[in-house]
Amino acid sequence: MKAKEIQDLIDFIAKSGLNKVNIETEEFKISVQREPNQKVKYVSEPVQHAPAAPAPVAAPQSAPAPAPAAAPAAAPAASDDSKYVAIKAPMIGTFYRAASPEAPIFVNVGDEVKKGQVICIIEAMKLFNEIESEVSGKIVKVLVDNATPVEYDQPLFLVDPS
């Protein structure tokens, strides 16, 4: 299952009102669970054909809980700077400002970006996804630290489109 398919599944579950979904194939096992009035969280892992395979699924579900706390902290910054456009994470994953530790950072505060320009990478399920700017303008603020987890729709950058 690709990261986009997982995100589509999570979006569907969020809109449908379901609180829990478990999917298991020969390649993976995924459990999506949310509490009413909270964001969706998910745990995905390769299927192990051992009797102890179900046990690890329950434990990691509490591990992603600190990540949603980062999203509300970033949201007030976006509302305070209403003239700026927020570039948001299109998926859940780990945010990287450069292609590798030795590579230069894609964009810094003060840089001009064009629509379609790669501004960061989000790693999801061992896939490195280049994230492109949705707007042209000047980077005003980077809202996420390098190599930190991000949630779907979490603001990553503030851009001054003028």
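When reading the values below, keep in mind they use all heavy atoms of this one structure, side chains included, and skip hydrogens, waters and symmetry mates.
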*Determine, using the 4.5 Å side-chain heavy-atom cutoff (strictly less than), whether Val109 and Ile119 are members of one ILVMFWY cluster.*
yes
*Taking only residues two or more places apart in sequence, or in another chain, which ones meet Asp111 in a side-chain contact (heavy atoms from CB on, under 4.5 Å)?*
Val107, Asn108
*Considering all heavy atoms, the nearest Ser133-Ile87 contact*: OG-CD1, 3.6 Å
*If you look at every heavy atom in Ala89 and Glu151, which pair is closest and at what distance?*
CB-O, 3.4 Å
*For residues Pro155 and Ala86, report the shortest heavy-atom separation together with the two atoms involved.*
CB-CB, 4.2 Å
*asked:* Do Val113 and Ile105 sit in one hydrophobic cluster, given that two such residues count as connected whenever their side-chain heavy atoms are within less than 4.5 Å of each other, even indirectly?
replied: no
*Rounded distance [0.5 Å steps], CD1 in Ile131 versus NZ in Lys88*: 14.5 Å
*Pairs satisfying ring-ring contact (aromatic ring centres under 6.0 Å, His included), at least one member in residues 91-135, at least two apart*: Phe95-Phe157
*Is the closest side-chain heavy-atom distance between Val118 and Glu132 below 4.5 Å?*
yes
_Residues which pass side-chain contact (heavy atoms from CB on, under 4.5 Å) with Asp145, listed by chain and number, not counting sequence neighbours_ = Thr148
*Asn129: side chain to side chain donor-acceptor pair (under 3.5 Å) partners, not counting sequence neighbours*: none
*Taking side-chain contact (heavy atoms from CB on, under 4.5 Å) as the test, write out the residues that go with Ser100, two or more places apart.*
Glu102, Ala103
*Under the side-chain contact (heavy atoms from CB on, under 4.5 Å) test, which residues partner Lys114, sequence neighbours left out?*
Gln117, Ser136
*Would you find a donor on one side and an acceptor on the other, under 3.5 Å apart, between the side chain of Asn146 and the backbone of Arg97?*
yes
*Rounded to the nearest 0.5 Å, how far does CD1 of Ile122 lie from CD1 of Ile92?*
10.0 Å
